[in-house]
Amino acid sequence: MKKTVQELAVILGGTVLGDGTREIEDIKGLAEAGKTDITFAVDPYTEYLPQVHAGAVIVAKEVPAGDNTLVLVENPRLAFSQLLVLFHPRQTVAKGIHPTAVVDPSASLGEDASVMAYAVIGKHVKIGKNCTIYPYVFIGDNVVIGDDAVIYPGAVIHENCELGNRLVIRAHAVIGGEGFGFATNEGKHTRIPQIGNVKLEDDVEVGACTCIDNGTLGSTLVRRGTKIDNLVHLGHNVEIGEDCFLIAQVGIAGSTKAGNHVVFAGQVGCTGHITIGDNVVFAGKTGITGNVKGNQTYAGYPMQPHMEWKRSQIYLKHLPQMSKRIKELEKKLAELEAKTAQ
Amino acid sequence: MKKTVQELAVILGGTVLGDGTREIEDIKGLAEAGKTDITFAVDPYTEYLPQVHAGAVIVAKEVPAGDNTLVLVENPRLAFSQLLVLFHPRQTVAKGIHPTAVVDPSASLGEDASVMAYAVIGKHVKIGKNCTIYPYVFIGDNVVIGDDAVIYPGAVIHENCELGNRLVIRAHAVIGGEGFGFATNEGKHTRIPQIGNVKLEDDVEVGACTCIDNGTLGSTLVRRGTKIDNLVHLGHNVEIGEDCFLIAQVGIAGSTKAGNHVVFAGQVGCTGHITIGDNVVFAGKTGITGNVKGNQTYAGYPMQPHMEWKRSQIYLKHLPQMSKRIKELEKKLAELEAKTAQ
Amino acid sequence: MKKTVQELAVILGGTVLGDGTREIEDIKGLAEAGKTDITFAVDPYTEYLPQVHAGAVIVAKEVPAGDNTLVLVENPRLAFSQLLVLFHPRQTVAKGIHPTAVVDPSASLGEDASVMAYAVIGKHVKIGKNCTIYPYVFIGDNVVIGDDAVIYPGAVIHENCELGNRLVIRAHAVIGGEGFGFATNEGKHTRIPQIGNVKLEDDVEVGACTCIDNGTLGSTLVRRGTKIDNLVHLGHNVEIGEDCFLIAQVGIAGSTKAGNHVVFAGQVGCTGHITIGDNVVFAGKTGITGNVKGNQTYAGYPMQPHMEWKRSQIYLKHLPQMSKRIKELEKKLAELEAKTAQ
């Protein structure tokens with residue numbers, strides 16, 4: 001496909017600065033882009049533009065750009081994303097049900113479904129329109145899935161789970177496995193059956209090998225638009241709000257409730273039965289040990305407000321010196337005491 | 001199903017305080033329970049009972065309970081578990097071997113086995129009575145499994161592993177994969193073949209996407225009754241005692257041996273080749289760096305006894321103030337020195 | 001198989017100290033080895049040799065060895081590895097394509113391939129000679145794999161990935177899943193399509209349930225000889241050098257580049273968009289927060305050079321005492337001031 005810079009600017013609702021007649025054939029990264037490619041730059045990378053020789057560069061504001069034509073837009077990342085879809089449309093998959101798929105006769109599938117080899121779909125499952133089910137996907141009895149879902153190879157959706165529209169479930173994610181609940185008597189652990197389910201609302205994404213346990217009673221819940229990375233663990237009855245990010249290897253223990261627009265960076269761990277407000281950001285590896293009000297940034301273990309944590313870490317580096325100063329003080333004071341006593 | 005509170009109390013070996021003739025139809029959480037539901041409460045939740053309007057509440061001791069009938073038992077959590085099984089018996093699965101399962105003719109399956117679609121069972125495998133093998137379960141050659149096992153979709157049991165009775169292996173768990181052992185020569189790593197196996201004793205549970213590597217020689221061993229959560233890693237030749245808990249995302253390096261009744265909370269990491277006593281509790285995210293005697297609680301990285309760690313963390317917060325006090329002391333002392341020198 | 005100690009020493013290029021005519025039938029661990037077994041010992045375990053009664057012991061230098069015959073070699077671990085292969089050759093698998101495997105007609109498979117039950121191989125896939133593809137392996141369209149690869153059950157290789165020779169991919173590893181990239185606009189996250197791939201060079205190993213995301217554009221890259229353990233996460237466009245070790249549960253965020261011979265110990269977390277030099281060692285649980293020059297050892301979070309981190313941790317333990325000394329100083333100084341003021 002070929003488009004002029006001007007045609008692309010129209011698609012993006014942007015403004016051309018420079019030669020809009022150049023023909024663009026592909027979208028590439030800043031370092032790889034050549035004469036027939038469009039790319040994008042945000043700070044601090046915009047300062048490299050004079051060394052870049054692309055066909056065009058998407059930016060948020062006018063900057064020195066050497067021989068590059070600029071396309072000004074409000075959100076360069078979003079524009080970049082739009083052009084990726086334009087130049088690299090998602091691979092289409094064959095529609096229909098592969099003969100090796102085992103679909104229970106009581107299951108219903110919306111139109112334009114693609115169910116690939118060796119998928120297993122249980123009793124009374126309801127799947128919406130235009131869903132793509134890759135090989136080895138296991139969908140347990142009574143699961144409900146909305147329209148336009150993409151479920152990658154080996155994902156497991158246990159019985160009774162309820163999934164919204166435009167869900168993306170990546171390879172080997174496990175949704176609705178039985179939560180980790182035991183009653184201990186004289187040192188022996190007896191499983192407390194977990195009979196709830198998992199609800200994932202519209203536009204949720206779940207990463208590869210991520211495990212979301214079902215509720216003991218009721219549901220483990222992830223609300224609209226929240227994106228979950230790989231290898232994340234959500235315990236039974238966890239509730240995550242809308243438009244959150246859970247980066248890789250985060251673990252959240254049972255019954256914790258988080259608000260909207262919360263960011264859990266990689267390897268954050270969170271204790272159970274607590275409440276987290278809206279718009280909280282947890283830096284990577286934070287250990288969340290108690291309730292958290294909204295609109296704050298936390299770090300460390302045990303967690304502290306991010307600025308306090310940073311300050312603590314700096315003072316920590318000064319400790320050897322502080323120790324020396326105390327020793328010095330003790331020595332001088334002893335001398336002074338001796339002198340005064342004379 | 002309907003039961004009176006009195007009938008349920010008999011089943012639980014408990015005592016009714018209030019109206020034992022009420023009819024109970026289901027078991028619910030404290031917040032959701034209505035007139036025909038039984039629920040349970042432990043401290044601190046018992047204080048909310050006057051606001052609860054359930055049919056009956058299981059408790060450990062008499063408490064102000066508003067209009068609720070109480071059922072007194074020794075272990076409310078255990079009683080709750082019993083009633084969950086009563087009101088929500090586990091879904092029965094069809095017995096028999098699905099025609100698409102690939103079972104080697106030399107494998108033997110006990111009576112009442114259920115082997116579902118696309119399971120693969122290798123040579124000389126021995127599986128006990130009443131086992132449930134979900135789709136895509138791979139069982140390698142020479143594996144032995146006891147009675148009443150439940151193995152969820154996609155679990156992989158590599159060759160030669162030995163599993164006890166009443167095992168639960170969750171989706172995509174990998175048992176007996178080759179351990180991470182290399183000999184390094186002039187900077188290049190050559191695999192040391194790991195030819196041992198994994199032994200899981202009776203009543204062990206293994207969470208989703210949990211990986212238990214095989215022994216280099218000999219076995220990686222998890223003893224009776226130990227429960228392992230999702231996304232846990234156990235290296236080659238690790239030994240875990242009886243009735244332990246390993247919460248989500250714990251990682252234990254090769255050849256470490258833990259005693260009985262040890263609790264590893266979420267995201268704990270443990271170095272290899274060490275020994276851990278009985279009844280030790282490691283708080284979440286603890287970094288276990290050396291041998292640990294029994295009957296203690298540890299936290300932090302590097303680990304400290306829990307109370308010491310807590311104290312360190314408090315002093316850490318006082319550091320800026322300590323620094324200020326040292327500066328103040330230096331100033332005053334200098335003044336005093338000057339004054340005395342006059 | 002039976003070999004004399006002398007015959008084994010010739011195979012290993014080693015020297016016999018003691019009775020070379022003894023017959024050896026197996027290789028065992030130091031504690032388990034008996035009269036017809038060979039074993040190996042490195043410090044500090046060599047001191048136990050007088051209590052060991054093996055047929056022969058592989059060591060790096062002459063040590064008191066009781067009644068054991070010694071075989072001196074340069075690298076006992078490597079020699080041990082060689083003998084493991086000798087006494088326990090890897091199980092051979094049946095060659096050929098299982099009738100239930102779904103192989104696209106446009107795919108090409110080299111000679112001596114073994115493709116087991118229920119594998120799915122997509123369009124235009126090219127697989128080299130002597131590869132072993134276990135059940136439930138999913139290989140997406142256009143994937144290229146070299147010779148002698150072993151791909152264990154349930155591994156997923158997404159479309160367009162390029163894998164070298166002698167690759168080992170363990171169960172449920174996910175290679176080339178779409179990276180975690182979103183453009184956020186008014187609080188809503190829109191996926192940035194990730195259209196790159198993953199390249200794994202020769203002799204790379206990837207552990208069970210490890211997830212390596214594809215590049216946004218371009219490739220996520222793991223260079224020759226690097227070994228990756230279980231449950232590791234590599235984000236989009238990460239580059240790892242040659243002969244590195246990534247131990248279990250390590251997570252590395254997008255676009256980070258590491259040099260050669262880097263060791264990431266268990267549960268290390270690394271931020272995105274940074275550069276790490278050659279020969280760096282990160283202790284377990286290190287939080288890597290910025291660029292790192294080569295040839296150093298780091299620990300802690302935020303990371304510090306290992307020795308500094310150790311010193312900080314020691315001073316941390318002295319904090320309560322330091323606080324007491326400051327209080328004491330304040331008291332004494334006040335007394336002295338009062339006295340001087342008189």
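Only this structure's heavy atoms are used, side chains among them; waters, hydrogens and symmetry mates stay out. Per chain, numbering begins at 1; letters A, B, ... match sequence-line order. Here the structure is a predicted model, which is why all the values come from computation and not from measurement.
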Do A:S323 and C:H318 have side-chain heavy atoms sitting under 4.5 Å apart? no
Those residues at least two apart in sequence (or on a different chain) that pass salt bridge (Lys or Arg N to Asp or Glu O under 4.0 Å) with A:K28 are A:D37
For C:L217, is it the side chain, the backbone, both, or neither that has a heavy atom closer than 4.5 Å to a heavy atom of chain A? side chain
Option that, when pairs with chain C are counted at under 4.5 Å, heavy atom only, ranks first among A:G225, A:A265, A:A283, A:G284: A:G284
For each of A:E242, A:E32, A:E205, tally heavy-atom pairs with chain C at distances under 4.5 Å, and name the one with the top tally. A:E205
If you count heavy-atom pairs under 4.5 Å with chain A, which of C:G269, C:G179, C:G196 comes out on top? C:G269
Please report the C-alpha distance between C:R325 and A:K327 in whole Å, then the side-chain angles of each, then the deciding distance to 0.1 Å, and finally whether the side chain to side chain contact (heavy atoms under 4.5 Å, CB included) criterion is met. CA-CA 9 Å; C:R325 284 163 68 193; A:K327 198 177 273 177; 4.1 Å; yes
With a 4.5 Å cut-off on heavy-atom pairs, point out which of C:D213, C:T210, C:T340, C:T271 contacts chain A the most. C:D213
For A:Q267, enumerate each residue passing the side-chain hydrogen bond (donor to acceptor under 3.5 Å, both in side chains) test, keeping only those at least two apart in sequence or located in another chain. A:Q249, A:K285
Working to the nearest 0.5 Å, report the span between CD of A:E330 and CD of C:E328. 8.5 Å
What distance do A:L316 atom CG and C:E308 atom CD have between them, rounded to the nearest 0.5 Å? 11.0 Å
Quick one: of C:A183, C:G215, C:P193, who has the most non-hydrogen atom pairs under 4.5 Å with chain A? C:P193
In terms of heavy-atom pairs under 4.5 Å with chain A, the winner among C:K339, C:K332, C:R191 is C:R191
With respect to A:S81, which candidate in C:N185, C:T216, C:I192 satisfies the side chain to side chain contact (heavy atoms under 4.5 Å, CB included) definition? C:I192
May I ask you to name which of C:G287, C:P302, C:G177, C:G218 has the most heavy-atom pairs under 4.5 Å with chain A? C:P302
Do A:P153 and C:H158 come close enough that some side-chain heavy atom pair is under 4.5 Å? yes
Compute the centroid of each ring, for A:Y118 and then for C:Y136, and state whether the two points are separated by less than 6.0 Å. no
So does A:E337 have more than 12 non-hydrogen atoms from other groups sitting under 6.0 Å from CD? yes
Count the heavy atoms belonging to other residues, nucleotides or ligands that lie under 6.0 Å from NZ of C:K257, then report whether that count exceeds 12. yes
Rounding to 0.5 Å, atoms SG (C:C209) and NE2 (A:H172) come to a distance of 7.0 Å
Please identify, among C:A253, C:C270, C:G251, C:G300, the residue contributing the most non-hydrogen atom pairs under 4.5 Å to chain A. C:G251
So which part of C:T100 gets closer than 4.5 Å to some heavy atom of chain A, the side chain, the backbone, both or neither? both
Non-hydrogen atoms of chain A under 4.5 Å away: do they reach the side chain of C:L333, the backbone, both or neither? both
Angle between ring planes, C:F182 versus A:F245, binned at 30° and 60°: parallel, tilted or perpendicular? tilted
Give me each pair satisfying salt bridge (charged side-chain N to carboxylate O under 4.0 Å, His left out) with a member in residues 265-274 of chain C, each pair once, sequence neighbours excluded. none
Is any side-chain heavy atom of C:F180 closer than 4.5 Å to one of A:L246? no
Please check if atom CZ in A:R77 has more than 12 non-hydrogen atoms from other residues, nucleotides or ligands closer than 6.0 Å. no
Does C:Y315 reach the main-chain N or O of A:K317 with its side chain, forming a donor-acceptor pair under 3.5 Å? no
Interatomic distance, C:I195 atom CD1 to A:L84 atom CG [nearest 0.5 angstrom]: 5.0 Å
From C:L319 CG over to A:L319 CG, what is the distance, rounded to the nearest 0.5 angstrom? 5.0 Å
Please lay out, stage by stage, how C:V174 and A:R170 fare under the test side chain to side chain contact (heavy atoms under 4.5 Å, CB included). CA-CA 9 Å; C:V174 180; A:R170 299 201 177 278; over 6 Å; no
Could you measure the distance from the OG1 atom of C:T190 to the CG atom of A:N75? Nearest 0.5 Å is fine. 8.5 Å
So A:H261 and C:H189, would you call those rings parallel, tilted or perpendicular, with 30° and 60° as cut-offs? perpendicular
Any idea which of A:M322, A:K227, A:Q313, A:M116 has the most non-hydrogen atom pairs under 4.5 angstrom with chain C? A:K227
For each of A:I247, A:T226, A:I228, tally heavy-atom pairs with chain C at distances under 4.5 Å, and name the one with the top tally. A:I228
Validation row: A:Y152, C:E178 side chains within 4.5 angstrom (heavy atoms): yes
Residue by residue, which of residues 229-240 of chain C have a heavy atom closer than 4.5 Å to a heavy atom belonging to chain A? C:L231, C:V232, C:H233
Most heavy-atom pairs under 4.5 Å with chain C, out of A:Q82, A:R224, A:E74, belong to A:R224
Could you check whether any side-chain heavy atom of C:T184 comes within less than 4.5 Å of a side-chain heavy atom of A:D243, counting everything from C-beta outward? no
